[in-house]
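For reference, the structure is listed below as structure tokens.
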Amino acid sequence: MVFWPSIVVATPAHSGVGATLTYRSELSLAPGALVRVPLGSREVLGVVWDCPDTPPEGLTEARTKVVAGVLEGLPALNGCWRQLVKFSAQYYQRSLGEVALAALPPQLRELDSTQLARRLKRRAKAAAGVPPTAPEALQGHDLSAEQAEALQALAAATAPVLLYGATGSGKTEVYLRATQAVLETAAPENEAPTQVLVMVPEINLTPQLEARFRERFEPAFGAGSVVCLHSGMTPAQRLTSWLAAHTGSARIVLGTRMAVFASLPGLRLIVVDEEHDPSYKSQEGARYSARDLAVYRAKVESEALAAGGALLQAGPHPRPLPEGEGARGGGVVNPRCQVLLGSATPSLESWHAADQGRYLRLEMPGRIGGGALPRLRLVDMNHQPKGAVLAPPLVAAMGERIARGEQCLVLLNRRGYAPVLACHDCGWKSGCPHCSAYRVFHKLDRTLRCHHCGFTERVPRACPDCGNLDIAPVGRGTEQIEEQLAGLLVDVKRPDGQPARVARMDADSTRLKGSLEVQLAALHSGEVDVLVGTQMIAKGHDFRRITLVAGINADSALFASDYRAPERLFALLMQAAGRAGRDAAQSGASEMWIQTWYPQHPLFVTLKKHDYPAFAAEQLTEREQAGMPPYGFQALLRADARTQQAAQAFLNIAAEQAAGLPHRDQITLYPAVPLTIQRVANVERAQMLVETDSRGALQRFLSAWQPVLHACRSAPEAKGLVRWAVDVDPLSI
DNA sequence: CCGGCTATGGTG
DNA sequence: ACCATAGCCGGT
């Protein structure tokens with residue numbers, strides 16, 4: 001056995017050789033150090049993972065290359081961060097290097113040492129330049145009894161906390177107070193200042209939250225103590241925020257799912273707002289759930305703190321938390337990292353975990369100011385005039401609201417004017433030539449747009465197949481509802497005598513930078529009376545004067561084949577309903593209208609009672625009987641290829657080659673099937689469901705399958721395969 | 001007969 | 001990931 005000091009580095013290379021590559025170095029390096037290493041003909045960023053005396057079997061010193069340099073002045077990524085990355089790579093079946101590099105700001109790859117030194121200097125100066133004033137007792141609002149109780153329970157909690165709070169119950173204030181408590185806890189000498197991570201599902205929701213956190217914490221903790229981290233920022237901004245978090249000058253990081261990987265050496269609290277939201281699940285690269293990783297990360301950080309942070313800094317895995325450790329009598333609690341999951345309609349996974357006692361459920365059923373949740377009114381479309389898009393009673397109700405100076409929200413989850421354009425003579429439809437989907441008719445710019453691949457053309461003047469001039473929109477989108485409502489409300493006057501104004505807010509109307517803010521301002525100032533929009537308007541925004549919310553087309557989700565569709569519909573409608581009646585002065589009279597052909601559907605019956613617990617219990621019973629998550633465990637093997645045949649062939653060969661792998665007998669491999677939208681951008685898509693009742697079996701099976709899948713890539717039957725991927729804990733199957 | 005683009009392989 | 005190399009169609 002030869003002994004020489006080798007440096008194991010996680011690099012972007014991720015096929016063939018393995019998860020890490022081994023180098024030599026004259027420099028003394030420790031795990032977590034950021035280095036530049038030669039890889040092929042280039043030099044890439046890498047993370048030092050291990051520094052063993054005995055290099056991997058069969059690798060000679062002469063065959064290794066030398067570490068090119070260290071990113072000087074940057075503290076090493078700590079053991080908790082590395083453990084999070086390692087776990088994510090294993091759990092979601094990706095290479096260590098891929099996950100590690102994806103977790104770092106892309107700009108870090110291009111920085112040379114002088115640029116980095118300049119940035120770090122600027123950081124230090126900025127941090128020193130803003131002396132934090134003594135934290136005031138930050139006035140905030142008075143807490144409701146429910147909020148105070150939740151905070152008290154949170155302070156003593158040792159398990160992940162599920163904050164089940166109605167829309168308008170003041171969850172954000174709880175986040176702010178919990179953050180404040182953490183930031184005011186002085187970190188021991190030689191330890192990083194305490195930090196908090198707050199995640200939201202969408203970029204759109206960050207500005208509002210950022211404003212509240214800045215207002216609350218910057219006076220005490222200095223400018224720059226609150227930073228954001230999301231994909232909408234420029235690479236330079238992301239690097240700045242990342243460095244601030246990594247060096248500890250940022251105390252609060254607000255961000256989307258990617259923020260779960262931020263380097264936070266003093267992390268003591270992770271908040272996951274709207275924890276049920278599907279946006280927390282990544283859909284490319286490592287398909288991680290930021291919510292699940294938040295729970296895992298808090299556990300790892302807690303264990304490290306319990307074991308003594310210094311031990312972990314360079315050490316291997318954190319030690320497990322001893323039984324009963326964490327909370328001590330009299331409310332004195334050991335240093336730990338908490339995780340707080342908040343939602344008015346928690347995910348069934350979290351709800352189930354709370355049922356089992358793995359999470360602590362805290363409830364805040366009441367709204368701040370005592371306002372009632374809006375009354376649900378179901379409009380039976382069977383009894384409306386034929387062809388009516390908007391039921392006359394709904395339009396009348398909206399008119400009354402507007403006349404009283406109140407606002408309305410109309411929800412339709414489909415942008416554009418109409419989902420299809422069709423020829424009534426020959427049956428032509430506006431299909432996309434590259435996808436198995438229709439192109440959507442956008443009337444405003446006279447285009448047909450494919451919402452899957454982006455292919456856009458001007459609307460043809462006549463039918464492309466038969467020349468008939470009579471081509472017409474079928475179905476409706478937000479543009480059409482906006483247009484129709486403007487017509488239907490034309491005689492309605494606001495209290496100031498002005499005619500009613502209708503506006504639309506969706507991905508199209510907010511595409512330009514700053515236009516979301518402009519639109520929200522128009523609504524807040526009362527310029528707009530009716531806002532038509534996609535689910536974007538249902539999420540998070542604080543609309544004060546809205547007293548009527550209407551769902552135009554909820555039925556499509558009622559009978560969707562996706563078993564999570566009811567859960568998503570319930571959450572969306574509850575969330576939308578929550579936009580109404582937030583202003584206590586106008587509460588009591590607020591309403592949520594839903595147009596449906598199935599008013600007796602059980603989902604609406606529970607929704608009417610705002611009874612999420614009943615809905616969850618019923619859904620969980622169904623899931624248990626069917627062996628579905630959270631009782632069963634799933635993964636998807638996805639394949640993209642030039643032909644459907646090749647995609648399915650890859651999946652079928654992969655299934656055949658799985659014979660004899662560990663736990664194969666506990667795993668069900670379903671037949672390969674095309675995706676609902678089979679072809680996107682001329683790529684055929686297929687998938688295979690992997691199901692089992694044991695998470696451990698699934699993990700071990702998938703790990704053993706991985707090399708087999710790599711090998712199946714070159715099977716002759718699978719010629720034309722573009723790419724494949726494993727999706728662990730998929731959200732839609 | 002050379003050059004560009006796409007599939008395939010390798011990186012310590 | 002990214003780069004290098006090998007394999008398939010077009011121009012002069």
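Protein chains get the first letters and strands the later ones, always in sequence-line order, with residue 1 at the start of each.
- A/Arg439 is linked by a salt bridge (Lys or Arg N to Asp or Glu O under 4.0 Å) to A/Glu457, counting only residues two or more places apart in sequence or in another chain.
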When the side chains of residues 650-664 of chain A are checked against the rest of the protein, which donor-acceptor pairs come out under 3.5 Å, sequence neighbours left out?
from     : atom 1 : to       : atom 2 : distance (Å)
A/Asn652 : ND2    : A/Gln648 : O      : 3.1
A/His663 : ND1    : A/Gln666 : OE1    : 2.7
A/His663 : NE2    : A/Arg700 : NE     : 2.9
A/Arg664 : NH1    : A/Ile667 : O      : 3.0

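- The A/Ser41 side chain lies nearest to C/dA4 when the options are C/dA4, C/dC2, B/dG12.
- Straight-line distance from the NZ atom of A/Lys719 to the P atom of B/dT8: 5 Å, rounded to whole Å.
- Whole-Å rounding puts the A/Arg723 CZ to B/dT6 P distance at 14 Å.
- Here B/dT8 presents its P atom at 7 Å from CZ of A/Arg713, a figure rounded to the nearest Å.
- The residue A/Thr64 sits close only to the backbone: its heavy atoms come under 4.0 Å of sugar-phosphate atoms, none of a base.
- The listed nucleotides are B/dG12, C/dA1, B/dA7; the one nearest the side chain of A/Arg642 is B/dA7.
- With distances taken from any side-chain atom of A/Tyr23 to the nucleotides C/dC2, B/dT11, B/dG12, the minimum falls on B/dG12.
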Checklist line | Derivation of the side-chain contact (heavy atoms from CB on, under 4.5 Å) call for A/Leu637 and A/Trp705 | finding: CA-CA 11 Å; A/Leu637 179 58; A/Trp705 208 15; 3.6 Å; yes
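- A/Leu21 places its CG atom 12 Å from the C1' atom of C/dA1, with the value rounded to the nearest Å.
- Between the CG atom of A/Asp50 and the P atom of B/dG12 there is a distance of 19 Å, given to the nearest Å.
- Following rounding to the nearest Å, A/His710 (NE2) and B/dT8 (C1') show an atom-to-atom distance of 15 Å.
- The CG atom of A/Leu101 sits 10 Å away from the P atom of C/dA1 (whole-angstrom rounding).
- Relative orientation of the A/Tyr296 and A/Phe87 rings is parallel, given thresholds of 30° and 60° on the angle between their planes.
- Straight-line distance from the CZ atom of A/Arg63 to the P atom of B/dG10: 13 Å, rounded to whole Å.
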